[in-house]
Amino acid sequence: MDYKKLASLLFSHVTETPEETEARFPRRNLPEGAKVTRIAPSPTGFVHFGNLFPALVSERLAHQSGGIFLLRIEDTDEKRKVEGAVELILSAFRHYELGFDEGALANEEGFGNYGPYYQSLRAHVYHVFAKQLVEQGLAYPCFCTHEELEASHSAQEAAKVTPGYWGEWATCRDLSLEEIEEKLASGMSYTLRLKSPGKPGGRIRFTDTIKGDLELDENFTDAVLLKSDGIPTYHFAHAVDDHLMRVTHVVRGEEWLSTLPLHVQLFDLLGFRRPKYVHIAHLMKRTEDGGKRKLSKRHDPEAALSFYQESGYPVEGVREYVMSVLNSNFEEWRRANPALDMKEFPFSIKKMSASGALFDLNKLDDISKNILALRSAEEMYNDLLAWAKTYDAEFASRLEQDPAYAKAYLGIGRGGEKPRKDFARLSELPQAMAFFYDDLYKVEDELPENEAVRADAREILSRYSALYSADDDRDTWFDKIRTMGEEMGYAARPKDYKQNPDAFRGHVGDISAVLRLAVTGRKNSPDLYDVMQVLGYERVANRLNQDLF
RNA sequence: GGCCCCAUGGUCAAGCGGUUAAGACACCGCCCUUUCACGGCGGAAACGGGAGUUCGAUUCUCCCUGGGGUCACCA
């Protein structure tokens, strides 16, 4: 077989040599030890929460070492392409502060010297190397139809042999040049397959950065390199792109472990130096029956990255949660360095777990609560407003209508040694703060169980409303409540009541409970004095004077 | 099913041949407290099973079991 002739037959349009192509993607001039990483999503219109893991690992690895973090769009599958998907990807990564040094932009080839960063725009590059493989007798056209492939696949299953295009099943492998010319002339479409030098039973050794030493079956199937439309499969594109873009560390999910033998083989056959692989374990989700599975786009709302933005989880909360799963010593570091930027944390591949973690919403909530608790009222207002503008326009307009008022109630319990930690996500705020607005205020809880208190509720309100004054400081404010309670037969201290319940109708806490219910409509609230201060005299007086109980 | 990965409390996990087997989240109790939240103290809770190596295995090896992944002209 004259491979040269076959190659020029198949790739007459390719004028560049591999050497020339290599020259267009020169070795990067980076400091010693600098890592080049990439994140390579498919524009499917859905950004998975799990994408954050390899992304954060890649970003940290690159930027911690003075290297390059790039974005490449793997849009080689026409069927899965979705309009606007790249914008979605871009905005998601921007939101989570994963800044790219080069890569794709929406509707553009991208920025940087190793583009284009859309695989669909790189066909000519892949063809250079495809042609080279054909010339070397390492790739050949395959004219098999889907039906034929399916048939041989089921035959293989019936015969219990490894499925795939290999051995006697690789019917196009040894086509003569004449046969190929004939088929081409008749207009048959074809894929370009690798002529794998691997043998069944062969083994390869490999070291993964996380998993360690692996011994895997050698690839011996003739995988498709170029689809019939001339666009490469993931495998071929991965080898060519990651080599040409001079990527040093390929960070991806462990589902790629099974195709690693093919990838390694491609790098070797193409004469490329193998990158380091970092296969990270999947984030799992507990199932109803107690098992585990991958977080699923179909079944789990939290699988979508957009879920966290909609919920109003703080960006740092999500980032820190992901980091704490990635490097378990992160939490310890964070406690020791509460004020440092997360980027100061010495992230380490070695600390990454080889096993898949179960998604833990509790943990995320805890981390988020701690972060939101440290926000100032001003910061909280800004965050909340930004969130509400896209997810709760009604609330946003309330915030904008009276920013000072909003900041006042957002400031309750903030600052100081023990800030309140009651919110994990911003989406909890509109509901929690509703009672600060008269039109949203309503009594939604019940009076205390205590019969005497229920009977006295009306009187408590009317007596207190006569005593209430705008300029009471915290102590006089509470003195009034306590004294009033005592006059009505309520213990000044809950302890006194507990020790001798028969001597009192209730205790000062019960008085507060009634007032709290009238003022906030709820049985639980932040500090009542603070709340009343923020609400202001008029609102409070109105609520106290309602005909409530 | 073949191949591969994984395996310490409910969850995330320290540990890397000898430990009373850390810590965090969640849970429970007590304290603080006019409610809630916070905070403090305490509690329950783990090395999947079996061989082997060794004076000694959570730690090393093998087998089993269990969980997960993958077997496309999808990535």
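The sequence lines fix the lettering, A, B, ..., with proteins before strands; numbering per chain opens at 1.
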**OP:** Just jot down the ring pair (Phe, Tyr, Trp, His ring centres under 6.0 Å) partners of A:Y497, sequence neighbours excluded, or say none.
**Re:** A:H507
Subject >> Partners passing side-chain hydrogen bond (donor to acceptor under 3.5 Å, both in side chains) against A:D473 (at least two apart in sequence or in another chain) >> reply: A:T476
Original post:
For A:F267, which residues count as a ring pair (Phe, Tyr, Trp, His ring centres under 6.0 Å) partner, sequence neighbours excluded?
Top reply: A:H238
Original post:
What nucleic acid atoms does A:R493 come within less than 4.0 Å of, heavy atoms only: base, sugar-phosphate, or nothing?
Top reply: nothing
Original post:
Touch check for A:K350, heavy atoms < 4.0 angstrom, all strands: base, sugar-phosphate only, or nothing?
Top reply: nothing
If you restrict it to nitrogen or oxygen atoms, what contacts under 3.5 Å exist between nucleotides 9-12 of chain B and the protein, and what is each distance?
residue	atom	partner	partner atom	Å
B:C12	OP1	A:L358	N	3.2

Original post:
Hey, is A:D241 close enough to A:R38 for a salt bridge, meaning N to O under 4.0 Å?
Top reply: no
**OP:** Could you state the atom-to-atom distance from CZ of A:R203 to C1' of B:G2 in whole Å?
**Re:** 11 Å
Subject >> Salt bridge present between A:R493 and A:D496 (N-O < 4.0 angstrom) >> reply: yes
Subject >> Rounded C1' spacing from B:C47 to B:U59 in Å >> reply: 10 Å
Subject >> For A:F436, ring pair (Phe, Tyr, Trp, His ring centres under 6.0 Å) partners two or more places apart >> reply: A:Y409
**OP:** Tell me what A:R474 touches on the nucleic acid: a base, only sugar-phosphate, or nothing, going by heavy atoms under 4.0 Å.
**Re:** nothing
Original post:
So, A:K363 and A:E320, do they make that salt bridge, N to O below 4.0 Å?
Top reply: no
Original post:
Considering only the P atoms, how many Å lie between B:G49 and B:U58, rounded to the nearest integer?
Top reply: 10 Å
Original post:
Separation of A:K495 atom NZ from B:U34 atom C1', in whole Å?
Top reply: 14 Å
Original post:
What residues, two or more places apart in sequence or in another chain, satisfy ring pair (Phe, Tyr, Trp, His ring centres under 6.0 Å) together with A:F220?
Top reply: A:W166
Original post:
How does each nucleotide of nucleotides 69-75 of chain B score, in 5' to 3' order, for protein heavy atoms under 4.0 Å: base (B), sugar-phosphate only (S), or none (-)?
Top reply: SSSSBBB
**OP:** Report which part of the nucleic acid A:E215 touches: base, sugar-phosphate, or nothing (heavy-atom distance under 4.0 Å, all strands).
**Re:** sugar-phosphate
Original post:
Which pairs, with at least one residue in residues 481-490 of chain A and sequence neighbours excluded, count as a side-chain hydrogen bond (donor to acceptor under 3.5 Å, both in side chains)?
Top reply: A:D456-A:Y490, A:R463-A:E487, A:D479-A:R482
Original post:
Across the strands shown, which category fits A:A513 at heavy-atom distances under 4.0 angstrom: base, sugar-phosphate, nothing?
Top reply: nothing
Original post:
Could you give the CG-to-C1' distance, from A:N219 to B:C4, as a whole number of Å?
Top reply: 14 Å
**OP:** For each nucleotide in nucleotides 36-47 of chain B, reading 5' to 3', give B when a protein heavy atom comes within less than 4.0 Å of its base, S when such contact involves only the sugar-phosphate, and - otherwise.
**Re:** BBBS--------
Original post:
Does a donor on one side chain sit under 3.5 Å from an acceptor on the other, for A:D365 and A:Y313?
Top reply: yes
Original post:
Between A:D422 and A:R420, does at least one N-O distance fall below 4.0 Å, as a salt bridge requires?
Top reply: yes
Original post:
Roughly how far, to the nearest 0.5 Å, is CG of A:L133 from OH of A:Y126?
Top reply: 14.5 Å
**OP:** Determine the interatomic distance between P on B:C25 and the same-named atom on B:C63; round to the nearest Å.
**Re:** 40 Å
**OP:** Please figure out whether A:S512 or A:G212 has its closest RNA chain B nucleotide nearer the 5' end.
**Re:** A:G212
Original post:
Contact class for A:L214 (heavy atom, under 4.0 Å): base, sugar-phosphate, or nothing?
Top reply: sugar-phosphate
**OP:** Write down the distance between CG (A:N329) and P (B:A24), rounded to a whole number of angstrom.
**Re:** 15 Å
Original post:
NA contact type, A:S355, heavy-atom cut-off 4.0 Å: base, sugar-phosphate, or nothing?
Top reply: sugar-phosphate
Subject >> N/O (side chain, A:K480) to phosphate O (OP1/OP2, B:U34) under 4.0 Å >> reply: no
Original post:
How many Å lie between CG on A:L257 and P on B:C3, as a whole number?
Top reply: 15 Å
Original post:
Using Watson-Crick pairs (N1 to N3, plus N6-O4 or O6-N4) and G-U wobble pairs, both distances under 3.5 Å, which stems of at least 3 pairs involve RNA chain B?
Top reply: B:1-7 with B:65-71, B:10-12 with B:23-25, B:27-31 with B:39-43, B:48-52 with B:60-64
Original post:
Does A:R375 have any salt bridge (charged side-chain N to carboxylate O under 4.0 Å, His left out) partners at least two apart in sequence or in another chain, and if so, which?
Top reply: A:E316, A:D383
Subject >> Separation of the P atoms in B:C38 and B:A24, to the nearest angstrom >> reply: 15 Å
Original post:
When the C1' atoms of B:G2 and B:A21 are considered, how many whole Å apart are they?
Top reply: 39 Å
Original post:
Listed by chain and number, what are the side-chain hydrogen bond (donor to acceptor under 3.5 Å, both in side chains) partners of A:K421, not counting sequence neighbours?
Top reply: A:N370
Original post:
What integer distance in Å separates A:Y497:OH from B:U33:C1'?
Top reply: 18 Å
Subject >> Spacing between A:D479 atom CG and B:U34 atom C1', to the nearest angstrom >> reply: 13 Å
**OP:** Taking atom P in both B:U11 and B:G17, compute the distance separating them and give it to the nearest angstrom.
**Re:** 27 Å
**OP:** Could you grab the distance from atom NZ of A:K81 to atom CD of A:E83, nearest 0.5 Å is fine?
**Re:** 10.0 Å
Subject >> Distance between P atoms of B:G15 and B:U53 (Å, rounded) >> reply: 29 Å
Original post:
Rounded to whole angstrom units, what separation is found between the CD1 atom of A:I367 and the C1' atom of B:C25?
Top reply: 9 Å
Subject >> N-O pairing of A:R203 and A:E215 below 4.0 Å >> reply: yes
Subject >> Separation between the P atoms of B:C30 and B:G66, rounded to whole Å >> reply: 43 Å
